[in-house]
Every structure is written in C-alpha cells, then in structure tokens.
> 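The structure follows.
Source: prediction; values computed, not measured.
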Amino acid sequence: MYMELNDANLQTLTEFLRKTLDPDPTVRRPAEKFLESVEGNQNYPLLLLTLLEKSQDNVIRVCAAVTFKNYIKRNWRIEDEPNKVSDPDRTAIKANIVNLMLSSPEQIQKQLSDAISIIGREDFPQKWPDLLTEMVTRFRSGDFHIINGVLRTAHSLFKRYRHEFKSNELWSEIKLVLDTFALPLTELFKATIELCQTHATDVNALKVLFSSLTLISKLFYSLNFQDLPEFFEDNMETWMTNFHGLLTLDNKLLQTDDEEEAGLLELLKSQICDNAALYAQKYDEEFQPYLPRFVTAIWNLLVSTGQEVKYDLLVSNAIQFLASVCERPHYKHLFEDQNTLTSICEKVIVPNMEFRSADEEAFEDNSEEYIRRDLEGSDIDTRRRAACDLVRGLCKFFEGPVTAIFSGYVNSMLGEYAKNPGENWKHKDAAIYLVTSLASKAQTQKHGITQANELVNLNEFFVNHILSDLKSPNVNEFPVLKADAIKYVMIFRSQLPKEQLLQAVPLLISHLQAESTVEHTYAAHALERLFTMRGPSNTTLITPAEMAPFTEQLLNNLFKSLALPGSAENEYIMKAIMRSFSLLQEAIVPYIPTLIGQLTHKLLLVSKNPSKPHFNHYLFESLCLSVRITCKANPATVSSFEEALFPVFTEILQNDVQEFLPYVFQVMSLLLEIHSNSIPSSYMALFPHLLQPALWERTGNIPPLVRLLQAYLEKGGATIAASAADKIPGLLGVFQKLIASKANDHQGFYLLNSIIEHMPPESITQYRKQIFILLFQRLQSSKTTKFIKSFLVFVNLYSVKYGAIALQEIFDSIQPKMFGMVLEKIIIPEVQKVSGPVEKKICAVGITKVLTECPAMMDTEYTKLWTPLLQALIGLFELPEDDSIPDDEHFIDIEDTPGYQTAFSQLAFAGKKEHDPIGDAVGNPKILLAQSLHKLSTACPGRVPSMLSTSLNAEALQYLQGYLQAATVQLV
C-alpha cells in the first residue's frame, strides 16, 4: 500500500494521533489499532516526520516524534517477518533524519536521537557509512544546540560498547569510529574548555557548554571501555589534565538552589569520577602517573560535599572510585596507614550511611522507588550502596583494622539508641546497615549473602538486636527499623540457623499487616525468599508440615495485604502468594474455593489496564498452581475452575488485551490438558477464533497458541474432524504461515506433528501432498539446521503413523525418485543432528520401518541406500550427537532460537509434560530394529546377511550383533 504525502493524509494522521492521547480507552484503542493497521504502508514514516517538523500544534509534533521512534523500534530490524519499512522509506529516513534531529527543539531532538541510534544499531557502519562524517562536520558549526544534538546521538549510538561482548566485528566498528571521531572529539573538548574560560561570567553560555562537557565525558567512557585505544593513550595528558581541572573547578554561577536535582557541575564531576575509576581499574599501569592527584582531588571533593540529595550521584561515583582503587594490590600503600583508614571511615563511610530526612520521605511517600533502590540493587547511585562497596573494598586488604574501627562505631550507635529509642532510632538503623556491609563479602540474588566476614557474629547480633524489633507487638511502630530487621533476616538467610528462620516465619507473617508499604512488602519478599531455600536433601528447607500451624494466617494475611493502600498490584506480595502455593501444595486445597474468587476478581481489575508486568505474571502463575494442585488431587474439579475463569478470559479475548493473551492461552492449555479424552463444547465454540490471522501476527502469542491448538488436537482430533472439518484448511494455514518463518518454523512442526498424530487419517488425506510440497519449497529457499532437525522428526513420525510404504509413495507421487533423494541428501547425512530422547526415538522407529517394511528398499534402485541408511541409524544409536552449526547460521540472533521469545512470557507452573507419541509400544528401539530385521530376513532368506557383509562397516556390524543377541534373534 502507498500513502500519498498530501495534506489530506497529514490531516487524518493528526486526528488519529490526537485520539491516541485520549484517556478514554474507547477512543484511544481504535486509534491505536488504526495506526497499527497503516504502519506497513509506504510513506507512513515520512508522513510522521513531516508532522513532527511542520505541524502547528506542539503536542502533535511531540506525539508524532514518539510514534515515529516506537515505529522504528518495532519495525526497522528485519527478522524474517515481512519488512514493514519499504526500501525507499529507509533511504529517505536516513537521508533526512540527522538534519531534522539537529534542527528540532530538544524534546523532539531526544526522540529522533534515539531513533537514529536504533537505526544505527542495525545499519551502521555497513549500510550507513556516511553517518559519522555527517555528524562530525557539524562540530565546526559552532552552534552548541547542534553540537549537543550530535553528541547526544553519538552517546546513544556508542553506549552499547560498554556492555557488548568482544568480537572482531565490534572491534572493527570501534576502530572505524575512533579513526573518524577521536581527534574531532578531542579538539572539541579543548575548544569547549577554552570557551568556558571566555564565557566564565555568562551563566546561559556556561549551561550549554557544561552539558557539552558532560556528554563528551560520557563518550570518552564508551570509547575507552573495551580497551585502551592508542589515540587516547597518546593524548592522555590532554584528557586527564583537563578532567582533573574540571574536578577541582567551582563556579558560583553553576551552583543550584534545588536540593533534589543534580546540577550540571555535579553531573560532569560524577562522570569524570566514573572515567577515572575506569582507568584505575582497567589501565592502571598507564594511569599510574595521574592516579595520586585524582585520589587527592576526589577525597577533597568527598570531604567538602554536603548531604543534599542533589549530590548523591556525585558522592556515590566518587566513593566508587575510591572503592575500585583500594582493592587494587599496587595502590594498597595509599591506604595502609591506620590514620588514613580511620579518617576514611569517619569522614566518608559513616556520614554516607546515615538515614537522611530525604530517605525517610522516600520510605513513606515514594515506597515503590525506595524498594526498587534498596531491594533490587538498582540503588547503584545511592550513597549507602557506594559506602557499602567501599567497606567491602577496604576489607579485601585491611579486614581486621576496618572491622575493629567500625565495631566501635556500631557499639556507640546502639548505645545512643538504647538511651532514647524514640529520638535516636536512626542510630540503630545506621548500625544495622554498617554491620550488614561489614559482614557481607559475596552476595547472590538466589541465596542472599553467601560469604560472610568471620569477625562479625551474625547470629548473636540477630538475637540481641534484630529479634526484638520483629517481636514487638505493634507492627506499625518504627517502621524503618522493622523493615531493617526483616531485610536482615532476608539477606543473611543462608547464614542464620534454621531454628532462627522458623522463629522468624510467624513474625514475618504478622508484618504483612503493617501499614507501611515498605514494611509489608519486605515481609512478603522475605517469606518468598525463605520458601525457596533448599534443605539438605534438595527439598525445600522449610517443609509444608513445619508451615502447617501458620498456613491459614499466611494465606489470609497475604491476600489481606493486597488490600492495603498502595499495594493493590504489589508484585512482591503476588510472588509470595505464588511461592506459598508452590511450597504448601495440597495443603492449600481447602482454601482454594475462596482464594480462586479473589484471584479472578483481581485479574478482572488489572485486565482493564495492565501496568505491572511482574505482578500480572505472578498472578497467572498463582492461578496455574491453584489449578494444578487442586486437579492433581481431584481432576473433576477442573470444571469449577473453568466456570470461574472463562468469563474473565472471554472478556480479555474480546477486548484484545494483548499483554494477557499469551497467559490466557497457557492457562487454557493447562485446563484442557487435564480433561480426559474429550473436548467440552465451551472450548469448541472458541476454536474458530484461535485461527484468526490477526492473533498470529504477534510473536508473543505463537508459542502458547500452538500449545493450545495441540491440546485441542490431542483431546478432540476426532471431534474437529466430525464437527469442524471446514476449519482444517485454517489450521493448515497457520502451519503454512509458521513454516515460512525461520524464527517460528519449529512451532509449525509442533502443530503439524500433532495433526498427523491425532487427526483421523481420512480427514487430512486430501491435504497431505500439499503439506509435503510446502516443506520442500521451504527446504529449497532456506535450509537451516533447526528446520532440518524438525523435518526429520516429522518424516519419521509420518512413517511410524502411516507406514513406510505410504511415506515412499507420497514422496514419489510429488516427483519420481524423490524418496531416494530425500534418503540420500537429508536423512542419511543429517540424522545425527537430531537431539532429544523422544525425537531420537521417533527417528529410530521411523527409519526401522523404512528399512524393514518398505518393499521398494529391497528391489529397486533404492536398494543401494539400504546399508547406508542402516549405518546412519546405528550411528544415531551409538555416536555422539552432531551439534555443529554451519558458520553462516552461527549469528542468527537470539530471537531466532526456540524457547526465547521477546514478547512471550512462559509460565513456569503451566509447564507441559514431554509427550512421546510412540509411548510404551516401543520400549527399546535397538531391540525393535533387531526384531524387525529378523522378520525381514525370514521373508527373504539370505538377502539381509549378504547386504550386511558386503557394505556395512565392521564397527557398525559389531553393534548390530549386540542388538541381535540382546533380542535373542538371528538373521537367516
């Protein structure tokens, strides 16, 4: 489709963009749908760019910019879906976007700069060679609005160098960037610093220049991250002297009154601390001459900077610099002196561990952010985290002296608290934090602290100082200390003895009722972590029996805490509900009738506007657990779950709540798989809707939908053939779409294998030949290892299901001698690649049938393939799997490997058992081969031994003799 670049289309687009901003979903959703439906049209992106450049309405300009960026994000990268951005559009976008970005106001400039970096990620340098030169020439413009646009774009383009794996491709790209960019960047750096001196009294000029310097410093970090480039090594004097100068610079004009927001000076100095830390860690030899003056400058900075929030990033980066220096062996001498250590502890560590009024405000009013920073370790930019890292760094060489200095502090803080708890509770908070940072040497998400400082007695501290807070009858008093106590149990869970943990469980359960969001969230999180701990025999450390006295209270309080203000969609509580179900197993059955109502009600509410992906995920996991556990005890209860869930599911499907569809399909599969071998009419009514092409457009729906269709086929193949035969072409249409895609072809085979296995043979007779033709077309157009493996399993399943003669006949009906070609070119050379026990068994039984039940193999030109095929089968049994991948497939992106799906969230508790279509009919395929060969040799005596003796190699013959002996048969 082609959209004209005319006023009428611009007008239409403007109206729809305006509607996408409407808070009313009945206006917003159709508008979003419309935009989605036209985004494949040629000129669509150019219309958006025209609007963001020329529209009179600023809101529309920004909206067009955001829509354009998201469009690029979704569609620029071509995987194997149809390319939605036409080639002329691609060329036009690349030709205009840099100019547009540089001439746009800052809000739009940021969106376009992101879009450039997404395009650059794919096309630069090969398909967009002039991008950098186009950008570098703008440095000469002298206009800092333009220069900062270039720097911002370069930053978003190069920042991935900080976390990419080393590869030749990456190195050659960085080399190309350095050749074009390093010298102009250095010249710009020097010129900008000179301009700062010229305009030292002009505050507006300084603001622009300092944002340039910050961006330049970020680019320096990205370009130096992978390795020390020769250019920067040669110019280290220029960069480091100027960095040092900027660190010690103080300009009154740039100081801000705002206590929260970091000013330009702070942002620049923070980045310079990062750059110095990078060099100190990675290039310490080259950096050695500069190190002492940086240590002095950064130390002075730390001692003179206030406690305001705006300095947090700067202080934490400065402390991180000291932390990275103090753990390098050849800087150790800088810290050895007892006075130095005391002074670091007193002037840097202790003050930055204090709980400030800003932290208290966050704890009370912005609990979500507080939790994210404190629990999830995203508090990289908090002072406390940095101070902790510095303690850890110092303990590497000076554990004894540091522990001794701090023990004094901890005791005096706890003493202060004891004098007047109401006034001095913050002293205890700091003491707990200090003990935690001293004690923890190594930590993992899964186990909490895994290595502890021998000099700190964690157990004693727990009994003397932590337990009292957990036991206090008023859960709402001193919420910060309660949260500290709960967190202590959580992080030292691997160090504390089991009886202490069991003592903590009922106390944690009562804290679920605390008013403070942080406190009840921590309680839920701590319980969830304790329930995942493993005991000695690989079962859970805490058993359902030990939980029995508290089960009712636990479930009650968890569900009640979802009703507390601020926690309606608290992911930690929902995860704790999931984990409790999983731990307690059948102990939850009596409670499920009431709980399932609460869960479905919650699902109905969140489906109106899904905003918390983790919460939603654990909610669906909890639903799956309820179903699994209850139906394991009594499969008949499945219908009461369907009654509870189907009304909500129907609403989700009708309103097309995209985020929830993959989950709904998984839960439906789970329910349907529990039914014995018939399919309820409520499911059949839904069947036609599952084949709608729109559902299959979204990659996230594909794995769960395929599984759901497989469940339909397994439980109701005959029903579909009898009452929905007109839907079989639609089913095969889905297979055809999946098979054409490199990313999803394995899903197409899952579906096809279920059709072959479960549909009555006569219902698909008329389609069989077409299925094979489609597979051959795909083999000719792009033959990947993954496709071949799936193809081999399918061909052999066909042989098992319909017999070897049917397989040979269908191949030869497509083209004479085709069967021989498939054996020779695909089955014999590739069968070694098949992986997975069920897949190997299918191939073994299928090939055995071809060898022993297909007359054409014995007396036509196919006979020459008989021994090589047998040899390949013995290889499949005895040789290691061939998991080599051809070079050109090695770089297929992660999205193309089965199992990983960008938009698909697999539910762990909706897991599907591995299905074996052959089942017990064949126990050991090697015995089956021996018995089948014996049967064949009695039908044509003398033939089989002579074929074996002339051309089977000795090793394979020896294995075969072993199979014959094991089956106690002989060949005649």
> Nearest 0.5 Å, what's the CG-CE distance between Leu936 and Met858?
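These two atoms lie 4.5 Å from each other.
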> Are any of the side-chain heavy atoms of Leu661 and Leu705 separated by less than 4.5 Å?
no
> Determine, stepwise, if the pair Leu670 / Phe641 fulfils side-chain contact (heavy atoms from CB on, under 4.5 Å).
CA-CA 11 Å; Leu670 180 66; Phe641 283 105; over 6 Å; no
> Can any side-chain N or O of Trp696 pair as donor or acceptor with the backbone N or O of Leu690 at less than 3.5 Å?
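Answer holds: yes.
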> Are the side chains of Ser754 and Leu709 in contact, using a 4.5 Å heavy-atom criterion?
no
> Under 3.5 Å, side chain of Lys864 to main-chain N/O of Glu861, donor-acceptor pair present?
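Here the side-chain-to-backbone pair exists.
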> Taking Glu757's backbone N and O only, do any of them form a donor-acceptor pair with Lys801's side chain (distance below 3.5 Å, no angle check)?
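It does hold such a pair.
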> Which residues satisfy the salt bridge (Lys or Arg N to Asp or Glu O under 4.0 Å) test with Arg534, sequence neighbours excluded?
none
> Drop me the distance from Lys825's NZ to Leu779's CG, to the nearest 0.5 angstrom.
13.0 Å
> Compute the centroid of each ring, for Phe660 and then for Phe620, and state whether the two points are separated by less than 6.0 Å.
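They qualify: ring centres under 6.0 Å apart.
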> Would you tell me whether Lys789 and Ser835 have side-chain atoms, one donor and one acceptor, within less than 3.5 Å of each other?
yes
> Find the distance between NZ (Lys783) and CD1 (Ile826) and round it off to the nearest 0.5 Å.
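If I round to the nearest 0.5 Å, the distance is 6.0 Å.
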> Heavy-atom count check: over 12 atoms from other residues, nucleotides or ligands less than 6.0 Å from Gln961 CD?
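Result for CD/Gln961: enclosed.
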> Should the heavy atoms of other residues, nucleotides or ligands under 6.0 Å from NZ of Lys912 be counted, would the total exceed 12?
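Yes, enclosed.
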> For residues Thr637 and Ser640, report the shortest heavy-atom separation together with the two atoms involved.
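The answer is O-OG, 2.7 Å.
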> I'd like to know if the side chain of Asn701 and the backbone of Leu695 have a donor-acceptor N/O pair within less than 3.5 Å.
yes
> Between Tyr798 and Phe811 (judged by ring centroids, cut-off 6.0 Å), do the two rings come close enough to count as a pair?
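No, they do not, as the ring centres are separated by 6.0 Å or more.
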> Under the 3.5 angstrom rule, does the side chain of Glu839 hit a backbone N or O of Val834 as a donor-acceptor pair?
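Such a contact is absent between Glu839 side chain and Val834 backbone.
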> Counting neighbours of NE2 on His915 that are heavy atoms of other residues, nucleotides or ligands and sit closer than 6.0 Å, is the number greater than 12?
yes
> With sequence neighbours excluded, what pairs up with Arg628 under the salt bridge (Lys or Arg N to Asp or Glu O under 4.0 Å) test?
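Arg628 satisfies salt bridge (Lys or Arg N to Asp or Glu O under 4.0 Å) with no other residue.
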> Closest heavy-atom contact between Met759 and Ile764?
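Between these two residues, the closest heavy atoms are CB-CG2, 4.4 Å.
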> Distance-only, no hydrogens or angles: does the Ser723 side chain make a donor-acceptor pair with backbone N or O of Ile720 under 3.5 Å?
no
> Which heavy atom of Pro662 sits nearest a heavy atom of Pro704, and at what distance?
O-CB, 3.5 Å
> Do Val922 and Ile918 have side-chain heavy atoms sitting under 4.5 Å apart?
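They are in contact (side-chain heavy atoms under 4.5 Å apart), so the answer is yes.
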> How close do Ser932 and Thr852 get, heavy atom to heavy atom, and via which atoms?
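Smallest interatomic distance, heavy atoms only, reads CB-OG1, 3.5 Å.
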> Can you find a pair of side-chain heavy atoms, one from Thr630 and one from Ile596, that are under 4.5 Å apart?
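Not in contact.
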> Ring centres under 6.0 Å, that's the criterion: do Phe772 and Phe794 meet it?
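Under 6.0 Å, so yes.
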> Verify side-chain contact (heavy atoms from CB on, under 4.5 Å) between Met821 and Gln815, making sure each step is shown before the conclusion.
CA-CA 10 Å; Met821 289 193 298; Gln815 192 184 318; 3.7 Å; yes
> Go through it in stages, so that I can follow the logic: the residues are Glu642 and His675, the test is side chain to side chain donor-acceptor pair (under 3.5 Å), and I'd like the CA-CA distance, side-chain angles, deciding distance and then a yes or no.
CA-CA 11 Å; Glu642 288 164 351; His675 282 274; 2.6 Å; yes
> Taking C-beta and beyond as the side chain, do Tyr618 and Leu907 meet within less than 4.5 Å on heavy atoms?
no
> Does a side-chain N-to-carboxylate-O contact under 4.0 Å join Lys786 and Asp745?
yes
> Side chains of Gln808 and Tyr862: donor-acceptor distance under 3.5 Å anywhere?
no
> Return yes if some donor-acceptor pair links the side-chain N/O of Tyr712 with the main-chain N/O of Tyr683 below 3.5 Å, else return no.
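Yes; judged by distance alone, with no hydrogens or angles, the pair exists.
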> Evaluate salt bridge (Lys or Arg N to Asp or Glu O under 4.0 Å) for Arg707 paired with Glu673, printing each intermediate quantity in order.
CA-CA 10 Å; Arg707 174 182 168 191; Glu673 285 157 9; 2.9 Å; yes
> Measuring centre to centre across the rings, with the benzene-like ring taken for any Trp, is Phe877 within less than 6.0 Å of Tyr959?
no
> Looking at Ser813 and Lys769, what are the two nearest heavy atoms and their distance?
O-NZ, 3.5 Å
> Verify salt bridge (Lys or Arg N to Asp or Glu O under 4.0 Å) between Asp859 and Arg943, making sure each step is shown before the conclusion.
CA-CA 11 Å; Asp859 44 23; Arg943 289 282 306 276; 5.6 Å; no
> Give me the atom names and distance for the closest heavy-atom approach of Leu876 to Val831.
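Leu876 and Val831 have their closest heavy atoms at CD1-O, 3.5 Å.
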> Are the side chain of Arg579 and the backbone of Thr532 linked by a donor-acceptor contact shorter than 3.5 Å?
no
> What's the separation between atom SG in Cys843 and atom CG in Leu792, rounded to the nearest 0.5 Å?
5.5 Å
> Any side-chain heavy-atom pair from Trp866 and Leu948 closer than 4.5 angstrom?
yes
> Looking at Asn953 and Ala956, would you say the former's side chain and the latter's main chain have a donor-acceptor pair under 3.5 Å?
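Such a contact is found between Asn953 side chain and Ala956 backbone.
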> Any side-chain heavy atom of Ser607 within less than 4.5 Å of one from Asn655?
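SC-SC contact between Ser607 and Asn655 ruled out.
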> Could you tell me whether the side chain of Phe819 reaches within less than 4.5 Å of the side chain of Met857, counting heavy atoms only?
yes
> What distance do Gln736 atom CD and Leu775 atom CG have between them, rounded to the nearest 0.5 Å?
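The distance works out to 10.5 Å.
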> Tell me if the aromatic rings of His746 and Phe787 count as close, with their centers under 6.0 Å from one another.
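Distance test on ring centres: not under 6.0 Å, no.
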> Looking only at atom types and distance, does a side-chain atom of Ser799 sit under 3.5 Å from a main-chain N or O of Val795, one as donor and one as acceptor?
no
> Mind jotting down which residue pairs meet the side chain to side chain donor-acceptor pair (under 3.5 Å) criterion with at least one end in residues 963-972? Sequence neighbours excluded, please.
Glu878-Tyr963
